[in-house]
Amino acid sequence: MRLLAFSDLHWDLAQAATLVELAADADVVVGAGDFASIHEGLDETIEALAGIETPAVLVPGNNETEAALREAAAAWPAATVLHGEGAQVEGVEFYGLGAGVPITPWGWSFDLSDDEAAAMLAGCPEGAVLVVHSPPRGHVDQASSGESLGSTAILEAIEARRPRLAVCGHIHESWGTESRVGDTRVVNLGPTGTWFEL
């Protein structure tokens, strides 16, 4: 399976158009959250991405809510929104969890505590592709200050469930970086589109 994955478009319609072109060569497309920019531009960004006819798996970021993403993606037939749930796509198990984890300092942000995230990750099957907006603590989560901003709950879920791949975004300064948690490859995507062979 050829997988094209991205995160953190933040209302960049030109980049969305580029991803639509790239997606023609993919078997599955993954969008790991933050399609909007502080709740603005979600509908326009999803509308631009809806040209993707390949099956697409989306999770909400912290810049849009789960409900808003589900509503925006309702008219995109190829898209499946996951938040605390899984789906089989082209014979592969995917499990998704969106939001900022742990809770961010911004009052406008769509966030979960680590405890809330842990409860929502409990259903992740072993060996799935894990699509999360927030990175695991201590991996691909370094801010410009050097501080690790990732989630303990996501780290523990990866350790326990051993996904075949874990993709995230959220921490912009770590876009394009990758790490390993046990045998699981963990990649902070960014908006340009990253290719994986499964």
Side-chain angles (χ1 to χ4, degrees), residues 3-10 12 15 19 28-37 56-66 69 80-87 89 92-104 106 109-114 116-118 120-125 127-144 147-196 198:
L3 182 71
L4 174 66
F6 66 92
S7 69
D8 302 282
L9 269 183
H10 291 292
D12 183 340
Q15 183 56 33
L19 290 165
V28 178
V29 175
V30 166
D34 276 2
F35 304 94
S37 189
V57 173
L58 316 178
V59 301
N62 65 301
N63 275 253
E64 64 269 332
T65 65
E66 174 195 3
L69 180 59
T80 302
V81 177
L82 299 178
H83 183 57
E85 66 207 300
V89 184
V92 173
E93 287 288 340
F94 286 80
Y95 197 90
L97 182 75
V101 188
I103 292 170
T104 69
W106 307 299
S109 187
F110 175 58
D111 294 333
L112 296 170
S113 69
D114 268 313
E116 289 169 321
M120 294 180 77
L121 286 164
C124 180
V129 175
L130 181 62
V131 182
V132 281
H133 180 58
S134 297
R137 179 111 185 132
H139 298 268
V140 301
D141 70 337
Q142 200 168 51
S144 51
E147 186 183 0
S148 278
L149 298 177
S151 160
T152 303
I154 292 171
L155 175 62
E156 290 172 352
I158 293 172
E159 290 170 341
R161 304 294 172 167
R162 296 179 297 200
R164 61 165 84 183
L165 172 69
V167 294
C168 61
H170 190 45
I171 308 301
H172 294 196
E173 297 92 331
S174 288
W175 284 348
T177 61
E178 66 175 270
S179 182
R180 289 198 96 81
V181 176
D183 290 332
T184 301
R185 184 180 177 195
V186 181
V187 182
N188 187 323
L189 299 165
T192 56
T194 304
W195 289 98
F196 301 92
L198 293 180

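The shown structure was predicted, so the numbers you read here are calculated from the model rather than taken from an experiment.
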Inset, instruction - Identify the two heavy atoms, one from Pro60 and one from Phe110, that lie closest to each other, and give their separation to 0.1 Å. - result: CG-CE2, 4.0 Å

Legend entry - Heavy-atom donor-acceptor pair, His133 side chain to Gly100 backbone, under 3.5 Å: no

Legend entry - Pairs satisfying side chain to side chain donor-acceptor pair (under 3.5 Å), at least one member in residues 148-159, at least two apart: Asp114-Ser151, Asp141-Ser148

Inset, instruction - Write down the atom of Glu64, the atom of Asp34, and the distance for their closest heavy-atom approach. - result: OE2-N, 2.8 Å

Legend entry - Asn188 side chain vs Ile171 backbone, donor-acceptor pair below 3.5 Å: yes

Legend entry - Donor-acceptor pair, side chain of Asp8 and main chain of Gly190, under 3.5 angstrom: no

Legend entry - Minimal non-hydrogen separation, Val140 against Ser179, with atom names: CG1-N, 3.9 Å

Inset, instruction - Show your reasoning for whether side-chain contact (heavy atoms from CB on, under 4.5 Å) applies to Thr177 and His139. - result: CA-CA 9 Å; Thr177 61; His139 298 268; over 6 Å; no

Inset, instruction - Return the minimal non-hydrogen interatomic distance between Ser113 and Ile103, and the atom names on each side. - result: N-CG1, 3.8 Å

Inset, instruction - Using only heavy-atom distances, determine whether the side chains of Asn63 and Ser37 contain a donor-acceptor pair under 3.5 Å. - result: no

Legend entry - Enclosure of Arg162 CZ (heavy-atom neighbours >12, cutoff 6.0 Å): no

Legend entry - Gap between atom CD1 of Ile154 and atom CG of Leu121 - 0.5 Å precision: 6.0 Å

Legend entry - OG on Ser134 to CZ on Arg137, rounded to 0.5 Å: 12.0 Å

Legend entry - Min side-chain heavy-atom separation Phe94-Val28 under 4.5 Å: yes

Legend entry - Nearest heavy atoms of Ile158 and Ala166, plus distance in Å: CD1-CB, 3.9 Å

Inset, instruction - For residues Leu165 and Leu198, determine if any side-chain heavy atom of one lies less than 4.5 Å from a side-chain heavy atom of the other. - result: yes

Inset, instruction - Answer whether the closest heavy-atom distance between the side chains of Leu58 and Val30 falls below 4.5 Å. - result: no

Legend entry - The single option from Leu97, Val131, Val59 passing side-chain contact (heavy atoms from CB on, under 4.5 Å) against His83: Leu97

Inset, instruction - For Glu93, check side-chain contact (heavy atoms from CB on, under 4.5 Å) against everything at least two apart and list the hits. - result: Gln88, Pro125, Ala128

Legend entry - Residue pair Asn62 / Ser109: nearest heavy atoms and the distance that separates them: ND2-OG, 3.0 Å

Legend entry - Val167 side chain near Phe196 side chain, heavy-atom distance below 4.5 Å: yes

Inset, instruction - Begin from the C-alpha positions of Glu173 and Gln142 and carry the test side-chain contact (heavy atoms from CB on, under 4.5 Å) through to its verdict. - result: CA-CA 7 Å; Glu173 297 92 331; Gln142 200 168 51; over 6 Å; no

Inset, instruction - Check the angle between the aromatic planes of Phe35 and Phe6 and answer parallel, tilted or perpendicular using the 30° and 60° thresholds. - result: perpendicular

Inset, instruction - Without swapping roles, check the side chain of Tyr95 against the backbone of Ala87 for a donor-acceptor pair under 3.5 Å. - result: no

Legend entry - Derivation of the side-chain contact (heavy atoms from CB on, under 4.5 Å) call for Val57 and Leu82: CA-CA 7 Å; Val57 173; Leu82 299 178; 3.6 Å; yes

